[in-house]
Amino acid sequence: MRVKICGITQPQQSVAIANLGATALGFICVSTSPRYVTTQQIRAAVAQLPPNIDRIGVFANRTIAEIRQIVMDSELTGVQLHGEEPPEFCSLLRQNLASVEIIKAFRVRSLEHLAQASNYTEHIDTLLLDAYHPQQLGGTGHTLDWQMLQQFQPSCPWLLAGGLSPDNVLAALNQVKPDGIDLSSGVELKPGDKDLDQVALLFEKLATRNQGGRLSLPNPHSPISSP
Ligand SMILES: O=C(O)c1ccccc1NCC(=O)[C@H](O)[C@H](O)COP(=O)(O)O
């Protein structure tokens with residue numbers, strides 16, 4: 001299963017978190033976030049990473065030209081759209097960023113709202129479901145209604161986000177069957193400063209579950225993901 005740890009700001013933490021088992025790291029390119037990082041900071045954070053770790057830039061309501069520039073300058077392998085980007089925008093971005101994973105974050109307000117996710121699946125690589133908050137775009141620490149997601153089976157891979165932590169991740173995965181998970185504030189000391197003990201605990205918990213025999217699903221864009 002993919003495990004993305006988001007909101008990395010410190011180079012030494014990015015390597016440590018990859019070594020603990022993360023398959024993807026997220027870098028917040030939204031300037032209003034307390035986890036915001038510049039292109040220079042991302043470059044420093046990804047410089048020592050093994051090539052199989054996905055490097056995802058998180059954007060909200062930016063232009064294609066702006067996203068493309070940051071992707072190129074920061075050597076990102078994926079883009080996560082966390083704003084109000086419509087399906088047509090995702091499609092155009094995909095055409096402009098060949099072989100870069102396009103993840104559309106959906107901040108779920110209700111079951112009716114969740115139904116709109118199907119409008120995106122043919123234009124993106126991966127969906128991410130996150131908690132809705134009227135003032136915050138992400139990193140809220142709020143969980144989704146997992147019961148509501150029990151039947152959620154989109155036609156593309158999807159990641160579960162929103163308030164996950166070592167304490168609740170197994171309960172979430174008992175109810176919901178995503179292709180991967182995304183965590184930020186649940187493994188933090190303070191915004192942008194990850195708690196490596198909590199990250200280690202997360203992977204210990206996930207390992208107990210993996211002993212049950214589930215196979216890992218790699219990112220199809222990863223250079224070493226082919227059989
Ligand atoms: O984390 C932020 O500060 C942020 C700001 C603006 C847009 C998106 C942001 N985070 C996106 C993520 O992928 C987080 O990991 C996701 O929202 C889950 O966060 P959390 O509930 O803290 O685990």
Side-chain angles (χ1 to χ4, degrees), residues 1-10 13-14 17-18 22-38 41-42 45 53-62 66-67 70 74 76-85 89-90 101-109 114 117 124-146 149 157-173 176 178-196 198-199 201-203 205-206 219:
M1 179 165 73
R2 296 181 74 183
V3 181
K4 171 170 166 272
I5 304 293
C6 204
I8 306 285
T9 63
Q10 302 176 21
Q13 291 197 339
S14 72
I17 289 170
T23 66
L25 301 183
F27 300 97
I28 307 294
C29 305
V30 179
S31 60
T32 51
S33 167
R35 304 176 182 90
Y36 172 69
V37 277
T38 62
Q41 286 173 293
I42 301 175
I53 305 297
D54 304 323
R55 306 116 199 263
I56 312 293
V58 179
F59 299 86
N61 305 323
R62 299 287 292 269
E66 288 168 339
I67 296 172
I70 294 172
S74 311
L76 297 171
T77 62
V79 164
Q80 179 175 320
L81 300 171
H82 229 89
E84 309 301 328
E85 301 85 2
F89 180 91
C90 300
E101 181 183 15
I102 307 295
I103 303 173
K104 176 66 185 117
F106 217 71
R107 292 177 289 123
V108 184
R109 298 172 198 204
L114 182 60
I124 60 175
D125 298 293
T126 308
L127 262 176
L128 180 147
L129 299 192
D130 199 2
Y132 176 76
H133 186 285
Q135 276 92 40
Q136 279 172 262
L137 285 173
T140 66
H142 291 283
T143 52
L144 286 160
D145 177 352
W146 301 323
L149 299 178
W158 72 283
L159 308 179
L160 176 68
L164 295 174
S165 71
D167 283 345
N168 67 12
V169 70
L170 295 184
L173 293 176
V176 183
D179 299 291
I181 53 174
D182 170 291
L183 296 89
S184 183
S185 57
V187 289
E188 261 179 353
L189 291 165
K190 60 179 192 292
D193 185 9
K194 298 302 171 198
D195 183 336
L196 297 183
Q198 286 295 301
V199 178
L201 184 59
L202 169 76
F203 286 104
K205 296 265 175 120
L206 291 173
N219 169 12

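Order of listing sets the numbers, starting from 1, for every ligand and every atom in it.
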Test item, Q80 contacting ligand 1 (heavy atom, 4.0 angstrom) = yes
For atom 15 (O) of ligand 1, grab the closest protein heavy atom and report residue, atom and distance to one decimal in Å.
-> D182 OD1, 2.5 Å
Could you point out which residue of E84, H133, H142, Q136 forms a side chain to side chain donor-acceptor pair (under 3.5 Å) with R107?
-> E84
Flag side-chain contact, heavy atom, 4.5 Å: I124 against I103 = no
Looking at T140, which atoms of ligand 1 are within less than 4.0 Å of one of its heavy atoms?
-> 21 (O), 22 (O)
Is there a side-chain contact between H82 and I28, using heavy atoms and a 4.5 Å cut-off?
-> no
Is the shortest distance from a heavy atom of K4 to ligand 1 less than 4.0 Å?
-> yes
Ligand 1 atoms in contact with L137 (distance to a heavy atom under 4.0 Å) | 6 (C), 7 (C)
Given side chains that start at C-beta, do those of I67 and F89 come closer than 4.5 Å, heavy atoms only?
-> yes
pair L202-V3: side-chain heavy atoms closer than 4.5 Å = yes
For ligand 1, is there an N or O atom under 3.5 Å from any N or O atom of G139?
-> yes
Looking only at protein heavy atoms, which one is nearest to atom 3 (O) of ligand 1, and how far off is it?
-> S33 OG, 2.6 Å
Is the closest heavy atom of G7 to ligand 1 under 4.0 Å?
-> no
Among C6, S184, G138, G83, closest by any non-hydrogen atom to atom 12 (C) of ligand 1 = C6
Is the closest side-chain heavy-atom distance between L129 and P178 below 4.5 Å?
-> no
Please step through salt bridge (charged side-chain N to carboxylate O under 4.0 Å, His left out) for the pair R2 and E101, ending with a clear verdict.
-> CA-CA 14 Å; R2 296 181 74 183; E101 181 183 15; 2.7 Å; yes
Beyond-backbone contact of V58 with R35, side-chain heavy atoms, under 4.5 angstrom = no
Distance filter under 4.0 Å to G163 heavy atoms, resulting ligand 1 atoms | 20 (P), 21 (O), 23 (O)
protein heavy-atom neighbour closest to atom 17 (O) of ligand 1 works out as D130 OD2, 2.5 Å
Is the closest N or O pair between L183 and ligand 1 shorter than 3.5 Å?
-> no
Below 4.5 Å, heavy atoms only, C-beta onward: do L128 and K104 meet side chain to side chain?
-> no
Atom indices of ligand 1, in the order listed, that fall short of 4.0 Å to a heavy atom of V58 = 8 (C)
Identify the closest protein heavy atom to atom 11 (C) of ligand 1: which residue and atom is it, and at what distance?
-> H82 CE1, 3.5 Å
Atom 20 (P) of ligand 1 [closest protein heavy-atom partner, distance rounded to 0.1 Å] = S185 OG, 3.6 Å
What do the steps show when you test N168 against W146 for side-chain contact (heavy atoms from CB on, under 4.5 Å), and what is the final call?
-> CA-CA 11 Å; N168 67 12; W146 301 323; 3.9 Å; yes
Has G162 got any heavy atom lying under 4.0 angstrom from an atom of ligand 1?
-> yes
Within a strict 4.5 Å, meaning less than it, do heavy atoms of the D179 and T126 side chains meet?
-> no
Tell me which one of Q136, R35, R107 gets a heavy atom nearest to atom 2 (C) of ligand 1.
-> R35
